[in-house]
Every structure is written in C-alpha cells, then in structure tokens.
Amino acid sequence: MKRTKIVHLLKSEHPVDRVLVKGWVRTRRDSKSLSFIEVNDGSCLRGLQIIADNTLNNYESIAKLSTGSAIAISGKLIESHGSGQKWEVVADKIDIISIAPETYPLQKKRHSDEFLRTIAHLRPRTNKYGAAFRIRSELSYAVHRFFRDRGFKYLHSPIITAADCEGAGELFRVTALALDNPPTKDGKIDYSMDFFGTEANLTVSGQLSAEMFALALGDVYTFGPTFRAENSHTSRHVAEFWMVEPEMAFCDLDGNMDLAEELVKNLTAFIIKECAEDLELFARFVDKNLMATLDNIASSEFIRLPYEAAMEILIKSGKKFEHEVAFGNDLQTEHERYLTEHHFKQPVIVYDYPKEIKPFYMRLNDDHKTVGAMDVLVPVIGEIVGGSQREERLDVLEGRMDEMGLSKDAYWWYLDSRRFGSVEHSGFGLGFERLLMLLTGIRNIRDVVPFPRTPNSIEF
RNA sequence: UCCCCAGUAGCUCAGUUGGCAGAGCAAGUGGCUGUUAACCACUAGGUCCGCGGUUCGAGUCCGUGCUGGGGAGCCA
C-alpha cells in the first residue's frame, strides 16, 4: 500500500477506511488504554494524531516511543473524538521503523535559534525551520514562475569565473594548484600553471553573463549561488547565498524599477496565498506584525525618489545620524531604515546615485554627476534589490573604465557587446535570502539558509 | 576588520557584597487520565568555556585565549 502524506489527509473531506502514514514522532501522550502519538512527515506544518489502542500486539513498545522516532501506521482516518483536530488515525498496526534514543537533541519545547544552528542537520525537523524551508522552496518556484509567465529565459551563468567583477567584495579563489607547494615565477604564484591558465574565482554576480544573453534572447534571468569572501559578521551576510538577476534588453531605468517592484509584490502575494499555514507560525511566534507588513508590500505603490531627494529628507529630518548625510556619501543602513521605517513606512526605491559610489557599468546620466542606479529598500532588512540601467555607449563606458583604472583588455568580450548592436538595457539583483527574511520575519540570514556558510563556520 | 554583550545540568536560564551549585523543561521510574506544550510524585544529572592571576576562599574580581550573539563597515 502506498503511503499518504499528512498534508493530504488533513485536507480530507471524508473518512478513509484504510490509510498508510509514515513519519516521525513529535510527542506522545498516554491515557489509560490509549497512546496519542503526534506524527509529522514534513509535508506540512501540522502533525497527525494517531490513536494507538493498548490491544495492539506491540503496544508495550509503542507506549515507549520517543520524540524523533520513525514509525509507519496503517489504520482508519476518522473524525477526531478530541477537540484539538478535525481528523485522526486509529491505528490497526504500527511498525516501528527506528527509535530515536533519549540523546536526540530536539525536545518538544522551544529551542533557541543559536542552539539550533549548532545542530543545523536536525533543525529542519522543528516546526519553525520546517516551515521556513518549505516557504523557501515555494519561493524559488515562484521566482521561476514569475519570469516564465513574462517570457524571460532562465540563464545558467557560470559559477567559476575569471572576471574580477568590478572589485565587488572579496573573492573566493578557485585553484587546482597544490597549495603547499605552488609553482612560482618571480617569487609570485604562477597562475599560468593553474587549471584555467589564469586566476579564477567563484562568481560574485552573474550580471555580466546575463547582459550578454539579454542582448541575444531579450529578457533573461539568472538564479543561482553567489559567493563573497567578505569577513562580515552580521545577521544579513553569508558567504554563499542565492541571487535572482534579471536583465532586459530595450529597457530603461523606469522599466527596471517597474519589474523590481512587480517581482517583489508578486512573490509576496504568492507566499501569502500559497504558504498561509506556514506563514501563520511566523506571524504568531516570530513577528506579530508580519501579515500587516506583507499586505503592505503586496498592495502599496513603492515610493520612488531620486538619491538627492532622499538626502534632503534625511537632512530635513533633523535626526542625528552616526554617519554624515551629504551628497556624495552612500546611504548607510541607518539612513535606509529611517526612510523605510519612519518616514515612509513602506518600501522605497532610491535611484540616480552619484557616479563615484557606483560601479563602472552603470549608465551615466545627462547631468554627468549621477548614474541610473536604483536600490529597493524595505523596512528592517534594508537593501533587497540593487540594479541599474547599463551603460550601452562604448565611448562613455571606456571612459568610465579608464577613470576607475580598469583593464579594458580583460573586459574585451563585455565591450564587444557595445560594439555590435548595442542597445539600452537594464537589470538588477535580488537577494533571495533577504527576501525570505522579509517574508518570514526571520531576523538572521543564517536561519533561512539550509546550511549557512559564514566566517569560521562550514561544519554541515 | 572595529565596537558592545554573553558562555553555569541535555535545553532555557537564576545565582545577592567573593563564603557548601539552583529552578523550569527534557530524560528515567511509578501513578492518573480521549490526551493535545497533558498532569502528579520521585530519581538521576555539573571540567560553572579553556589557561593564568589576585585571595584564607573565585561561578562571582583581574588578564588572556576560544566560541556564540548584537551592532558598524562592505553588500544582496
């Protein structure tokens, strides 16, 4: 007989004479002649109550079942006699698949997030993390659905790259050289002897690849892992994370902002609708304002304001900021939070930043002072999307590269795209984990990544 | 990399001015009951993060290291 997942049984509209359920014991309560076993199989947040009568031939073993043990139950799905649940299964037979000894670290009580991080291999078995990772799975499906519905093509951009992408962050070196005895030339490591004949790194962004494909397939997106070796210790940074990067040909900054806003809203609405039960856990135990925040994101028009106007708001606020507010300075975390949490109380898109604080590939505006950059800022998390219209004019792009001291030779293929049929195009990067934090109310990025990689931490 | 906080039972934490190491939950045993974070009683459980110092005496004070957390920077 085929097993039925608990998610389906709990949605049943009528009793079922014979069902087979397999799962893990969450808790057990004994009565005079019965044992109530709550079983969870991961298919949904809720567990199924199993009624084990003491006439079962292995009742003695059943009455000792510990939290975490795996069992298979065959029996009848009936309307519950108790009040806590609609359905329950009266067991005809319970096979004990394996017993979890009393050293099983997860108890039927709340554990701290810090403790659960030390047992990352077991934490998906808890309600909270099970819910978080079910939502993560749904969210990644929703990303693909969103783009496919709009005719975007999915690009697998390379994980290993030679491009020292605009000097953004620290890079993880990829090498096949023997690190204890690498070949050297003039006292330096000779990377011409390495696997690729040159230095190689893990990607920090798929953007440059995506631009090439946008200029061929029109609208594309990448969705894959991204790596930063930055030694940062914050609740918003991990060394390995996933980024969604759409890139659109024949699209200017306005179209870019339109898509970013539509994407964030669409994904939020999707999760509200499709993950209602899991989301409720977060609304109850993690962030009491979660549903209001999500409804606000899904329904409000994002505020759009130029960088200069944002600076004016900050100056006029009269608030004492730790970092100086002045044209030419980047928006600091405290500034972003002031705008999204206090001034507007909703997502804000800031655009047209000073060129000095942005990378070479962003399109120079007619004022020659700002570039067509845009960041989507949300309450608490801060920057969730960063993007720009790309500089499509070869001479301007080369001029910017010279200004910043970048080698045009290394980017010859990138510059080729501006030589042959160059068109205006735009794109952005969305931090997948940061969106997940926003949607669940989880405040630490390590808790929305299955096995997070941070400085000094890669055990699992 | 910088600033701040913490580390005590399996987990969450209390521990007064420096004076015999504590609670709740979990676990074990027994009891009760269509129970539902079940309940009641009992039992067991400790390198007080490591190292060094001050002191008659250190979980407590000082130094140092490690680990974890929060914040900043960088960014997504």
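Each chain gets a letter, A, B and so on, in the order its sequence line appears, and its residues count up from 1.
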In whole Å, measure the gap between the [atom1] atoms of [N] and [M] for me.
N     : M     : atom1 : value
B:G46 : B:A9  : C1'   : 6 Å
B:C3  : B:G19 : P     : 33 Å
B:A58 : B:G68 : P     : 30 Å
B:A14 : B:U33 : C1'   : 34 Å
B:G18 : B:C11 : C1'   : 29 Å
B:C49 : B:G31 : C1'   : 41 Å
B:C5  : B:C62 : P     : 12 Å
B:U64 : B:C56 : C1'   : 26 Å

Any-strand Watson-Crick or G-U partner of [N], both distances under 3.5 Å:
N     : answer
B:C42 : B:G28
B:U64 : B:G50
B:U55 : none
B:U35 : none

query: For A:Thr340, what residues pass the side-chain contact (heavy atoms from CB on, under 4.5 Å) criterion, not counting sequence neighbours?
result: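 A:Thr340: side-chain contact (heavy atoms from CB on, under 4.5 Å) contacts with A:Val348, A:Leu377, A:Pro379.
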Scan [X] against the nucleic acid and name what it touches under 4.0 Å (heavy atoms): base, sugar-phosphate only, or nothing.
X        : answer
A:Thr118 : nothing
A:Ser31  : base
A:Ile445 : base
A:Asp30  : base
A:Phe241 : base
A:Glu433 : nothing
A:Arg446 : sugar-phosphate
A:Leu106 : nothing
A:Thr234 : base
A:Glu102 : sugar-phosphate
A:His111 : sugar-phosphate
A:His233 : base
A:Val385 : sugar-phosphate

Presence of [X] side-chain N/O under 4.0 Å of [N] phosphate oxygens OP1/OP2:
X        : N     : value
A:Arg117 : B:G69 : yes
A:Ser235 : B:G71 : yes
A:Arg236 : B:A72 : yes
A:Lys32  : B:G31 : no
A:Thr27  : B:A38 : yes
A:His237 : B:G73 : no
A:Ser232 : B:C75 : no
A:Gln107 : B:G10 : no

- prompt: So which one's nearest nucleotide on RNA chain B is more toward 5', A:Ser112 or A:Ser457?
  reply: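 On the 5' side of the pair lies A:Ser112.
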task: Map A:Arg28 and A:Asn231 onto RNA chain B by nearest heavy atom, then report which one ends up closer to the 5' terminus.
output: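 Whichever sits nearer the 5' end wins; that is A:Asn231.
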Without decimals, in angstroms, what is the distance between [X] [atom1] and [N] [atom2]?
X        : N     : atom1 : atom2 : value
A:Phe115 : B:A26 : CZ    : C1'   : 11 Å
A:Arg337 : B:G70 : CZ    : P     : 13 Å
A:Ile50  : B:U35 : CD1   : P     : 18 Å
A:Asp330 : B:C74 : CG    : P     : 7 Å
A:Glu322 : B:C4  : CD    : P     : 13 Å
A:Ile442 : B:G70 : CD1   : C1'   : 18 Å
A:Arg29  : B:C32 : CZ    : C1'   : 16 Å
A:Asn54  : B:U33 : CG    : P     : 13 Å

- prompt: Just wondering, are more than 12 heavy atoms of other shown residues or ligands nearer than 6.0 Å to OH in A:Tyr307?
  reply: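 Yes.
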message: Taking NZ in A:Lys5 as the centre, count heavy atoms belonging to other residues, nucleotides or ligands within less than 6.0 Å. Is the count above 12?
response: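 Counting other residues, nucleotides and ligands, NZ of A:Lys5 stays at 12 neighbours or fewer.
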message: Tell me if the centroids of the rings in A:Tyr411 and A:Phe360 come within less than 6.0 Å of each other.
response: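 Yes, ring centres under 6.0 Å apart.
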- request: For this output row, return yes or no: ring centroids of A:Tyr154 and A:Tyr221 closer than 6.0 angstrom.
  value: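 Yes, the ring of A:Tyr154 comes within the 6.0 Å limit of the ring of A:Tyr221, centre to centre.
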Give the nucleotide from the list [options] with an atom nearest to the side chain of [X].
X        : options             : value
A:Phe36  : B:G34, B:G69, B:A27 : B:G34
A:Gln85  : B:C11, B:U35, B:G69 : B:U35
A:Glu114 : B:G68, B:G34, B:C75 : B:G68
A:Ser80  : B:U67, B:G69, B:U35 : B:U35

query: A:Phe146 and A:Phe270: side chain to side chain contact (heavy atoms under 4.5 Å, CB included), yes or no, with the steps?
result: CA-CA 10 Å; A:Phe146 176 88; A:Phe270 180 90; over 6 Å; no
message: Which residue in the set A:Asn365, A:Asp375, A:Asp330 passes side-chain hydrogen bond (donor to acceptor under 3.5 Å, both in side chains) when paired with A:Tyr353?
response: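 Exactly one candidate clears the test, A:Asp375.
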- request: Would you mind telling me which of A:Lys76, A:His81, A:Gln49 makes a side-chain hydrogen bond (donor to acceptor under 3.5 Å, both in side chains) with A:Glu88?
  value: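 Of the listed options, the one satisfying the test is A:Gln49.
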query: Taking atom types as they are modelled, is there a donor-acceptor pair under 3.5 Å from the base of B:G34 to the side chain of A:Glu88?
result: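 Answer yes: a donor N or O sits under 3.5 Å from an acceptor.
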- request: In plain terms, say whether A:Glu38 and A:Lys108 are close enough for a salt bridge, that is, a side-chain N and a carboxylate O under 4.0 Å apart.
  value: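 A:Lys108 and A:Glu38: not salt-bridged.
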query: With respect to A:Asn256, which candidate in A:Gln389, A:Met374, A:Glu247 satisfies the side-chain contact (heavy atoms from CB on, under 4.5 Å) definition?
result: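 Answer after filtering A:Gln389, A:Met374, A:Glu247: A:Met374.
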